[in-house]
2 protein chains.
Amino acid sequence: MLSFTEENYLKALHNISEAEGVDLVGTNRLAAALQVKPATANDMLKKLKEKSYVAYEKYGKIKLTDAGAQYAVAIIRKHRLWETFLYQKLEFSWDEVHEVAEQLEHIQSEKLIDKLDKFLAYPAFDPHGDPIPNQKGAIKVRFKTTLLDVAAGASCRMVAVKDNSKLFLQYVANLGLGLNAIIKVVAKQDYDASTQIEVAGKQTSVSEKFASNIFVICNTCKVGQPCPGLRCQV
Amino acid sequence: MLSFTEENYLKALHNISEAEGVDLVGTNRLAAALQVKPATANDMLKKLKEKSYVAYEKYGKIKLTDAGAQYAVAIIRKHRLWETFLYQKLEFSWDEVHEVAEQLEHIQSEKLIDKLDKFLAYPAFDPHGDPIPNQKGAIKVRFKTTLLDVAAGASCRMVAVKDNSKLFLQYVANLGLGLNAIIKVVAKQDYDASTQIEVAGKQTSVSEKFASNIFVICNTCKVGQPCPGLRCQV
DNA sequence: TATCTATGTTTGACTACCCTAACAAATAAC
DNA sequence: GTTATTTGTTAGGGTAGTCAAACATAGATA
């Protein structure tokens, strides 16, 4: 049974590997993610290596062991189930769920999380569109790409966000966007890489950064099938 | 915002004062309740005194300040609401809820607990019959006495337990007892102070210790009204 | 009252987690 | 291929919470 802090290190390692590639995780990057100094992260890495949750050589890159990855996925499962609970049952908005789930994810009780899963009717995705691992740690993979990949004239459906920060989520909601929103790409500007979109009849322009954080599938896409229009199958 | 540990000290102080009288709380008693050594408890008491949550003189007895009592009640509110959630929504048995609630009670989010309260339809009592403080810390007091006070021949209704330990709760459940069970006192033995009871047509004998941990009201008792038969109004 | 026992307090030490500052290795720039 | 920069590591130190052991006080016993 790991401490609250140790769990956060494992989760951060998992998140960074997933978002930025397994071979890019270093002490500094990890420390930044956890808002601690590199020296601190280094100490903890030694401890987690000692406990066989991470594998790394001095001055080398950091990887989770199988045990470490398994532990991390279990925490992510808890996090996303709690987010779903807060959103679906307790009327939290999608930008509020994250910080409370950061606390709830550390509660130790197998039974609790499995019963919660059942209570929520085994949801596959959390309020941000992220997949919820099942009891065994298996994740339902969904073909998706970002709004950047959608060609002008095409239309797509929003299925997730990449950035879970309050600021971004509130911005997204203010534009009338949300999961399953239908987005039509009106035009793309080569000048600043911005994208003109139309949502529920209203047009807006969004930046490249914004578009890169919106995950979409094309309108005709079905889960498990390669998509003809976009490159959803990538 | 207090730490996890500090919160546990406040809660323990509150529980002991309530169960054993305000003027009986000493360093040793507190340390025993928290399963730490007196030296440790003493250190923490200094810290909590510094922060004005407890008031005590050297070698004197320990009391919570108003702020301390308020904080403690807020934790108890959270604990009991979580217990109710686990019991009512997640199919936990009444002997399982306590240990998970011990963790959940430390989650920091006003909104979470108030929404949970709403979700549970503002319950007044937890699965053990203990009253749940409302948002302002007010507790609904209920006239009750213990099974020891019920005279032979009389009948009563169980409304709470004093002991929340797994062992006791499982024992109670195994006898077919539970909240709102109707208990008829068949006889009382002067020899060993045991009590013969009848529950749902079945007779058993319970010890003095057992009977002292079962809270009851008489069958005709209504909340808010003094009871004619038993000494419920005490 | 004098002593014995309970209870409460202080001291010094340990672990977990964090820091700053100094240093070492790897990588990039020239 | 040497230097400069980035990245990672070590050393030493701080706080929170814990302990054992020594000590002090209060209350009970004789």
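Both backbone and side-chain heavy atoms feed into the values below; hydrogens, waters and symmetry mates do not. Each chain gets a letter, A, B and so on, in the order its sequence line appears, and its residues count up from 1.
Legend: residues meeting salt bridge (Lys or Arg N to Asp or Glu O under 4.0 Å) with A/Asp95, ordered by chain and number and at least two apart, are absent. Under the rule for a salt bridge (Lys or Arg N to Asp or Glu O under 4.0 Å), the partners of A/Lys11 that lie at least two apart in sequence or sit in another chain are A/Glu102, A/Glu105.
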Side-chain polar contacts of residues 121-134 of chain B - donor-acceptor pairs under 3.5 angstrom, sequence neighbours left out - could you list them?
from: B/Asp126; atom 1: OD1; to: B/His128; atom 2: N; distance (Å): 2.7
from: B/Asp126; atom 1: OD1; to: B/Gly129; atom 2: N; distance (Å): 3.1
from: B/Asp126; atom 1: OD1; to: B/Asp130; atom 2: N; distance (Å): 3.0
from: B/His128; atom 1: ND1; to: B/Glu83; atom 2: OE1; distance (Å): 3.3
from: B/His128; atom 1: NE2; to: B/Trp94; atom 2: O; distance (Å): 2.8
from: B/Asn134; atom 1: OD1; to: B/Lys136; atom 2: N; distance (Å): 2.8
from: B/Asn134; atom 1: OD1; to: B/Gly137; atom 2: N; distance (Å): 3.1
from: B/Asn134; atom 1: OD1; to: B/Ala138; atom 2: N; distance (Å): 3.0

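Side-chain contact between B/Met158 and B/Lys144 is absent, with no heavy-atom pair separated by less than 4.5 Å.
Here A/Arg77 pairs with A/Asp117 in a salt bridge; the nearest charged N to carboxylate O distance falls below 4.0 Å.
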What pairs of nitrogen or oxygen atoms, one from the protein and one from nucleotides 1-5 of chain D, lie under 3.5 Å apart?
none

Can you tabulate the close N/O pairs, meaning under 3.5 Å, that link protein atoms to atoms of nucleotides 6-10 of chain D?
from: D/dG8; atom 1: OP1; to: A/Thr27; atom 2: N; distance (Å): 3.4
from: D/dG8; atom 1: OP1; to: A/Lys61; atom 2: NZ; distance (Å): 3.3
from: D/dG8; atom 1: OP2; to: A/Thr27; atom 2: N; distance (Å): 3.4
from: D/dG8; atom 1: OP2; to: A/Asn28; atom 2: N; distance (Å): 2.8
from: D/dT9; atom 1: OP1; to: A/Tyr59; atom 2: N; distance (Å): 3.1
from: D/dT9; atom 1: OP2; to: A/Thr27; atom 2: OG1; distance (Å): 3.0
from: D/dT9; atom 1: OP2; to: A/Asn42; atom 2: OD1; distance (Å): 2.5
from: D/dT10; atom 1: OP1; to: A/Lys58; atom 2: NZ; distance (Å): 2.9
from: D/dT10; atom 1: OP2; to: A/Lys46; atom 2: NZ; distance (Å): 2.9

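In this structure, A/Lys111 satisfies the cation-pi test against B/Phe92, with its NZ or CZ atom closer than 6.0 Å to the six-membered ring centre and inside 45 degrees of the ring normal.
B/Lys37 places its NZ atom 18 Å from the C1' atom of C/dT11, with the value rounded to the nearest Å. In this structure, B/Lys49 atom NZ and C/dG8 atom P are separated by 15 Å, rounded to whole Å.
Contacts between residues 2-10 of chain B and DNA chain D, counted as heavy-atom distances below 4.0 Å, involve B/Ser3, B/Thr5, B/Tyr9.
Classified by its glycosidic torsion, C/dA24 falls in the anti category, the angle being over 90° from 0.
Base-pair partner of D/dC23: C/dG8 (Watson-Crick or G-U wobble, both distances under 3.5 Å).
The only member of B/Tyr71, B/Trp82, B/Phe4 that meets ring-ring contact (aromatic ring centres under 6.0 Å, His included) when paired with B/His106 is B/Phe4.
For the residue pair B/Lys78 and B/Ile107, the shortest heavy atom distance occurs at NZ-O, 2.9 Å. What you find for A/Lys115 and B/Leu90 is that their closest heavy atoms are CD-O, 3.3 Å.
Between A/Phe119 and B/Phe119, the ring-plane angle classifies as perpendicular under the 30° and 60° cut-offs.
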